[in-house]
Amino acid sequence: MTQFYHFDETRPLKGRLAIGIEYDGTRFCGFQRLKHAASVQGAVEDALAKVAGAPVQIHASGRTDSGVHATRQIAHFDPPTERTEKAWIFGANTNLPRDVAVRWVKPVSDDFHSRLGALGRRYRYLLLNQISRPVLERTNVTWCRDPLDADAMHRAAQALVGEQDFSSFRAAGCQSKTPWRQMHFVEVKRFGPLVVIDIQGNAFLHHMIRNIAGALVSVGRGAQDEGYIERLLALRNRKKGDVTAPACGLHFVDSIYDERFDLPMEPVGPNLLAFTGEWTGERELPDTPRIAARRKLTFAKTTSDPAQEALDEDA
C-alpha cells in the first residue's frame with residue numbers, strides 16, 4: 001500500500017466531499033470553531049472558502065480539546081462550487097497555517113456523514129518514558145520520568161473494554177446526555193522509551209481519554225495496583241478519580257465508517273509510530289447492535305432525523 005499517487009487536476013468533483021485533516025493542536029483551542037480563539041475548524045473552513053470563492057462549512061467526525069492533535073480527522077462538506085481534487089488539496093494547504101494540512105479529498109454519497117455515521121473513533125496517547133525531558137518531541141508527547149510498567153498498565157486497562165458507565169473518567173463540564181460508552185479495545189505497549197495507550201470506542205466523553213491516561217500512569221508507576229481502573233469504574237464518581245493527563249500527548253488517529261464509503265487508507269499515526277506498520281481499517285469492529293444499527297443509517301443534506309440523532313454520541 002502506497003502513500004503516493006497523482007492528484008487529478010482535470011475533473012471537477014461533484015457532490016458531497018470527505019476530507020482527511022492532520023493538525024498539531026498546540027496553538028489551537030480545540031477543533032470546533034470559536035469566536036474568541038483560534039480553532040482548527042475555523043482555519044480549514046477559511047482555507048476551503050478561498051478555494052471555493054464562497055463560504056464553506058465542514059462537519060467533523062469528532063471534536064478535540066485544546067492542545068490535542070490529529071493525524072486522521074475526517075470531515076465532510078457540500079461544496080458551493082466544483083473544483084478538482086488537486087485544487088481542493090493544494091489550494092486549501094496553500095491557505096492553511098503550517099500546523100494544519102488537508103491530506104486527501106474524496107467524493108462520497110449524500111448519505112455519508114462524518115460525525116453521525118462514524119462506527120468508531122480511535123486515539124493514541126503517547127508517553128515518553130525517560131529521565132531527561134523531551135526536546136524534539138516536546139509538543140506531541142507527555143513526559144514521564146518515573147519508570148512505567150507498560151504490561152501492568154495494559155492488564156489494568158482491560159477493565160475498560162465493553163459498554164459501561166465512564167462517569168469516573170468524565171470531566172465535570174461534560175455536556176453528554178449519558179456517561180455510557182462502548183470501548184472496542186484498549187492496549188498499552190512499549191516501543192523503546194515510548195509507552196503508547198491505544199484506545200478505540202464508539203465515542204468518548206469530555207477529557208475521558210486523558211483521565212484514563214492519568215489513572216493508568218499511576219498504575220504504571222506502582223502508585224496503584226492493577227485493580228485500580230476497575231475500582232474507579234465501579235465508583236462512577238469523577239471526584240474519586242485520578243489526575244487529567246496533559247493534552248499534548250493525545251492524538252486522534254482514526255475514525256471508522258462503513259466499508260461502502262471506501263475512504264482512503266492510511267497508516268495509523270502519529271508518524272512517531274509509523275514503524276509499527278499498522279494501517280487504518282485492519283482491525284475488525286465488534287459485532288454489536290449499536291454498530292449494526294449505525295451501518296443502516298442514511299443522512300440527508302438538509303434534514304435531521306431525531307432517531308438518527310439519538311444514536312449519535314459525539315466524541
Side-chain angles (χ1 to χ4, degrees), residues 3 18-34 36-51 56 58-75 77 88-105 114-115 121-130 133-144 191 193-200 204 206-210 213 244-255 264 266-276 278-280 315:
Q3 299 178 64
I19 59 173
I21 307 168
E22 179 178 8
Y23 52 88
D24 179 336
T26 303
R27 73 175 189 91
F28 294 102
C29 291
F31 180 86
Q32 191 171 20
R33 179 183 276 275
L34 302 169
H36 62 280
S39 68
V40 179
Q41 181 180 4
V44 174
E45 288 180 343
D46 291 347
L48 292 174
K50 291 179 180 178
V51 179
V56 172
I58 65 173
H59 304 270
S61 53
R63 295 183 294 244
T64 52
D65 295 335
S66 177
V68 176
H69 317 299
T71 57
R72 187 176 164 87
Q73 169 72 274
I74 294 177
F77 66 102
W88 282 120
I89 297 173
F90 279 34
N93 288 337
T94 297
N95 291 288
L96 280 168
R98 294 182 64 184
D99 41 11
V100 187
V102 172
R103 295 175 61 94
W104 50 262
V105 174
S114 57
R115 182 171 66 91
R121 299 169 174 90
R122 182 173 178 180
Y123 285 81
R124 282 174 164 177
Y125 195 93
L126 273 58
L127 296 151
L128 187 63
N129 192 205
Q130 61 184 35
R133 61 180 173 84
V135 177
L136 299 180
E137 309 92 348
R138 65 187 180 278
T139 61
N140 51 33
V141 300
T142 292
W143 175 41
C144 183
F191 302 97
L194 283 175
V195 173
V196 181
I197 302 170
D198 198 340
I199 182 168
Q200 181 177 296
F204 296 89
H206 191 207
H207 286 177
M208 177 175 159
I209 301 175
R210 292 168 58 192
T244 301
C248 58
L250 186 56
H251 300 254
F252 184 13
V253 300
D254 201 6
S255 190
E266 305 172 272
V268 178
N271 284 335
L272 281 172
L273 299 176
F275 59 85
T276 62
E278 183 177 354
W279 287 72
T280 186

So, the side chain of [X] versus the backbone of [Y]: is there a donor-acceptor pair under 3.5 Å, distance only?
X: Ser114; Y: His59; value: yes
X: Asp99; Y: Tyr23; value: no
X: Trp104; Y: Ile89; value: no
X: Asn93; Y: Val102; value: yes
X: Arg103; Y: Arg72; value: no
X: Gln73; Y: Gly62; value: yes
X: His251; Y: Asn140; value: yes
X: Glu45; Y: Ile58; value: yes

Where do [X] and [Y] come nearest, in terms of heavy atoms and distance?
X: Ser255; Y: Ser61; value: OG-CB, 3.3 Å
X: Leu96; Y: Ala43; value: CD2-O, 3.3 Å
X: Ala92; Y: Val51; value: N-CG2, 3.5 Å
X: Leu128; Y: Pro134; value: CD2-CB, 3.4 Å
X: Thr142; Y: Cys248; value: OG1-SG, 3.8 Å

Go through Phe252 and Phe31 one step at a time and tell me if the ring-ring contact (aromatic ring centres under 6.0 Å, His included) criterion holds. CA-CA 11 Å; Phe252 184 13; Phe31 180 86; 9.0 Å; no
Can you find a pair of side-chain heavy atoms, one from [X] and one from [Y], that are under 4.5 Å apart?
X: Arg124; Y: Val268; value: yes
X: Ile197; Y: Leu127; value: yes
X: Phe275; Y: Pro267; value: no
X: Val141; Y: Leu272; value: yes

Nearest 0.5 angstrom please: [X] [atom1] to [Y] [atom2], how far?
X: Leu273; Y: Glu278; atom1: CG; atom2: CD; result: 10.0 Å
X: Gln130; Y: Glu137; atom1: CD; atom2: CD; result: 7.0 Å
X: Asn95; Y: Leu48; atom1: CG; atom2: CG; result: 9.0 Å
X: Thr139; Y: His69; atom1: OG1; atom2: NE2; result: 5.5 Å
X: Arg33; Y: Ser39; atom1: CZ; atom2: OG; result: 6.0 Å
X: Phe204; Y: Ile209; atom1: CZ; atom2: CD1; result: 4.0 Å

Contacts of Ala38 that satisfy side chain to side chain contact (heavy atoms under 4.5 Å, CB included) - sequence neighbours left out: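 Scan of Ala38 (side chain to side chain contact (heavy atoms under 4.5 Å, CB included), adjacent residues dropped) gives Arg27, Phe28.
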Would Leu250 and Asp65 satisfy side-chain contact (heavy atoms from CB on, under 4.5 Å), going step by step from the backbone distance to the final call? CA-CA 10 Å; Leu250 186 56; Asp65 295 335; 5.9 Å; no
Output all residues satisfying salt bridge (Lys or Arg N to Asp or Glu O under 4.0 Å) with Asp24, sequence neighbours left out; order by chain, then residue number. none
